[in-house]
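Working notes, structure below.
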Amino acid sequence: MGYRETYEDWLCWADEETKKELLALHDEKEIEDRFYKSLAFGTAGLRGIMGAGPNRMNGYTVARATKGLADYLHGEYPEKAGQGVVIAYDSRHRSREFALEAAHVLCAAGIPVKFFQELEPIPVLSFAVKYYGAQAGIVITASHNPKEYNGYKVYGPNGGQLVPEDADRLTAYVNAVTDLAHIARDGGEELLKWIGEETVNAFLEAAFRQSIYKGNPPALRIVYTPLHGSGSKPVQALLKKAGFQDLHVVNEQQVPDGNFPTVRSPNPEDGEALAMGIREAEKIGADIVIGTDPDSDRIGAAVRDGDQFVLISGNQMGALLVQFLLTMRKGSLTPASTIIKTIVTGELGADIARNCGVQVEETLTGFKYIGEKISQYAEDVSHDFLMGYEESYGYLIGTHAQDKDAVSTAMIICEMAAWHRTQGRSLADALRDLYKKYGYRLDQMVSYTLKGKEGQELIAGIMKGLRRGDTTRAIPGLKECLDYEVGIGTLPKENVLKYVLDDGSWMAVRPSGTEPKIKFYYSLKGKDETEAVARFSALRGFWEKTRGLPAKGSPRQKPRPSLFLRKCPEKT
């Protein structure tokens with residue numbers, strides 16, 4: 001059916017509240033966008049704006065995905081389906097409602113469910129799947145997206161998100177669910193079990209094993225903001241368990257709230273999200289500000305640098321963590337010790353690891369691939385997982401979870417800041433030292449938002465044009481173009497292009513798997529920041545001119561000459 005026929009079909013069988021919402025739609029483009037396709041599994045599961053229609057997050061799309069998951073477990077793992085599913089949710093609007101919808105569909109299908117009594121972070125869910133030996137996990141979250149979004153992440157028995165092979169098989173079962181009006185939700189109530197404090201405490205114990213100081217760290221004054229999300233309780237609990245007593249929480253952002261009323265976006269990648277924390281830090285003379293996103297799998301930080309605070313990017317924090325971890329665990333490193341990063345993550349951390357004799361492996365974008373590597377390493381004596389990270393502020397140290405873990409990373413970041421403080425330097429000083437030793441690199445991502453069906457077609461056209469090579473030959477110093485869609489090494493095929501330059505700098509282009517965006521990544525060398533910023537500005541302008549993209553896009557980091565870190569937002 002076309003989008004209009006699908007819209008009319010929903011009007012025939014949907015509940016009255018949904019029909020009322022649909023009848024209130026008068027913008028044909030809005031109707032088209034809601035009904036021209038169904039939400040599909042992307043980089044991190046389903047994710048979309050909340051509302052009625054198959055291309056929106058609502059009770060019907062959640063029920064359909066869950067019925068498909070139930071059929072997938074029965075069909076693919078008939079002897080293991082009884083191990084059940086663990087379900088968690090974050091602070092977004094309707095997250096608990098969607099989570100309960102999923103629980104009822106699973107129980108009605110005869111699959112046991114363990115359901116968290118209150119909102120919990122993604123790493124707690126990842127841990128719980130392994131802790132209980134469940135066959136799958138579900139988290140209702142849209143991570144760091146704006147308040148209009150929600151999403152649905154599926155986890156395998158290893159505690160990691162489904163990789164494409166498994167996600168494709170699950171998608172086939174989901175696509176086979178066509179009668180959304182009659183998905184069973186009743187029955188099997190005895191299969192629903194509530195979990196909470198015991199599970200969270202077990203997670204905290206497992207995460208604490210990664211602590212360097214084991215409860216007795218040097219003094220550090222910390223400001224923490226959960227950005228109205230699920231990280232508040234576990235992050236505070238773990239920091240206190242780790243021995244950090246001088247901990248201050250931003251009160252205005254401590255209470256879970258799906259409106260995220262104090263921030264433009266609940267995304268620690270956006271420096272403005274930490275503005276309230278920075279003001280609190282300036283007021284009390286803190287050393288560091290940390291902030292976690294709504295599902296607490298990503299973490300951002302601002303650190304004192306003299307009389308000001310500066311923001312540390314995801315790539316920079318990853319490099320600092322690699323250096324700290326390898327320094328503090330130097331005596332236990334072996335030839336099997338391995339760091340994992342994604343193909344669009346900068347090279348500084350990898351350079352540090354190789355210099356320490358540690359292996360570096362790359363995966364495609366998405367922490368599910370890092371989680372998959374952890375499972376493979378369990379059977380591979382040639383690799384011993386130390387840390388995995390990606391440029392988008394996601395890190396994991398240890399294997400208690402198999403997804404990004406902002407809870408345990410908060411502890412390690414604070415221990416790292418405290419250690420450097422005993423050495424007479426800040427994290428900003430430590431980063432300067434790394435650039436002096438390994439050379440300057442500017443790592444930057446610029447995204448372009450192109451909404452609706454026309455936007456998706458434009459993104460597809462951009463990628464097609466790039467593969468024709470009609471403009472890329474003009475890139476100064478181009479050495480080679482890597483097309484991951486045809487396969488690179490042993491990596492799965494993915495819609496990514498990477499342009500490697502003569503000096504080892506590179507650029508990469510990929511459509512987002514969860515948002516209507518196309519993303520351009522830059523990792524550029526320079527004798528200093530001024531030179532690297534000039535290269536970045538020229539290359540960004542080249543892409544925008546040749547591909548017809550909106551000028552300047554949406555940069556995470558606006559590079560400024562004379563300072564390698566972003567300055568924090570001005571007081572307002």
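When a residue number appears, it is its place in the shown sequence, counting from 1.
For the pair Met317 and Leu431, the minimum side-chain heavy-atom distance is 4.5 Å or more. Using a 4.5 Å cut-off on side-chain heavy atoms (C-beta onward), Phe98 and Ser95 make no contact. Inter-residue side-chain proximity for Asp384 and Thr338 is flagged as unmet; no heavy-atom pair is nearer than 4.5 Å. Residues Tyr173 and Glu76 have side chains in contact (heavy-atom distance under 4.5 Å, counting atoms from C-beta outward). Side-chain atoms of Ile288 and Ile413, non-hydrogen and from C-beta on, do get closer than 4.5 Å to each other.
Checking Ser126 against Asp403 by side-chain atom types alone, no donor-acceptor pair falls below 3.5 Å. In this model, a donor atom of one side chain and an acceptor atom of the other lie less than 3.5 Å apart for Thr66 and Tyr152. In the model, Gln316 has a side-chain atom that pairs as donor or acceptor with a side-chain atom of Ser313 under 3.5 Å. Side-chain N/O atoms of Ser143 and Asp293 include a donor and acceptor closer than 3.5 Å. With 3.5 Å as the limit, one finds no donor-acceptor pair spanning the side chains of Asn150 and Arg56. Under the 3.5 Å distance criterion, with hydrogens and angles disregarded, no donor-acceptor pair is assigned to the side chains of Ser392 and Glu269. Between the side chains of Thr365 and Glu494, not a single donor N or O lies within less than 3.5 Å of an accepting N or O.
Aromatic ring orientation, Phe127 versus Phe203: perpendicular (interplanar angle above 60°, classes split at 30° and 60°). Ring pair Tyr440/Tyr435 is tilted by interplanar angle, where 30° to 60° counts as tilted.
Residue Glu165 places its CD atom among 12 or fewer non-hydrogen atoms of other residues, nucleotides or ligands, all under 6.0 Å distant.
Nearest heavy-atom pair, Glu120 versus Val200, reported as atom, atom and distance to 0.1 Å: OE2-CG2, 3.3 Å. Heavy atoms only, all atoms of each residue included: Val62 and Met57 are closest at CG2-CE, 3.7 Å. Here the closest heavy-atom approach between residue Val407 and residue Ser296 is recorded as CG2-OG, 3.8 Å. The heavy-atom pair separating Pro157 from Gln135 by the smallest distance is CD-O, 3.3 Å. For the residue pair Val360 and Ala353, the shortest heavy atom distance occurs at CG2-CB, 3.7 Å. The shortest heavy-atom contact between Ser337 and Val358 is O-CG1, 3.3 Å.
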Please step through side chain to side chain contact (heavy atoms under 4.5 Å, CB included) for the pair Phe385 and Thr399, ending with a clear verdict.
CA-CA 8 Å; Phe385 177 80; Thr399 58; 3.8 Å; yes

Dump the intermediate steps for side chain to side chain contact (heavy atoms under 4.5 Å, CB included) on Leu434 and Ile352, then the final yes or no.
CA-CA 9 Å; Leu434 290 180; Ile352 295 166; 3.9 Å; yes

Would you sort out whether Glu480 and Lys498 count as a salt bridge (Lys or Arg N to Asp or Glu O under 4.0 Å), showing the intermediate values?
CA-CA 8 Å; Glu480 63 177 332; Lys498 192 170 186 177; over 6 Å; no

Could you go through Val322 and Tyr389, starting from their C-alpha distance and side-chain angles, then the distance that decides it, and tell me whether this counts as side chain to side chain contact (heavy atoms under 4.5 Å, CB included)?
CA-CA 9 Å; Val322 169; Tyr389 72 105; 3.9 Å; yes

When you look at Lys493 and Asp483, which way does the salt bridge (Lys or Arg N to Asp or Glu O under 4.0 Å) test go after all the steps?
CA-CA 9 Å; Lys493 295 180 180 180; Asp483 187 350; over 6 Å; no

Could you walk me through whether Lys437 and Asn355 pass the side chain to side chain contact (heavy atoms under 4.5 Å, CB included) test, one step at a time?
CA-CA 11 Å; Lys437 182 173 183 178; Asn355 186 62; 3.7 Å; yes

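The pair Lys341-Glu361 does not count as a salt bridge, with every side-chain nitrogen at least 4.0 angstrom from each carboxylate oxygen. Taking 4.0 Å as the cut-off between side-chain N and carboxylate O, Lys404 and Glu390 count as a salt-bridged pair. Between Lys525 and Glu347 there is no salt bridge, since no side-chain N of the basic residue sits under 4.0 Å from a carboxylate O of the acidic one. Ion pair Arg92/Asp90 flagged as a salt bridge, since at least one NZ, NE, NH1 or NH2 atom sits closer than 4.0 Å to an Asp/Glu carboxylate oxygen.
Checked against Val139 for a side chain to side chain contact (heavy atoms under 4.5 Å, CB included), the options Tyr155, Tyr89, Phe116 give a single hit: Tyr155. The only option from Leu106, Leu125, Val86, Val129 that meets the side chain to side chain contact (heavy atoms under 4.5 Å, CB included) definition with Ile138 turns out to be Leu106.
With sequence neighbours excluded, the residues satisfying side-chain contact (heavy atoms from CB on, under 4.5 Å) with Thr327 are Gln323, Trp419. Under the ring pair (Phe, Tyr, Trp, His ring centres under 6.0 Å) criterion, Tyr77 pairs with Tyr72, sequence neighbours left out.
For Trp543 and Tyr499, the distance between ring centers is under 6.0 angstrom.
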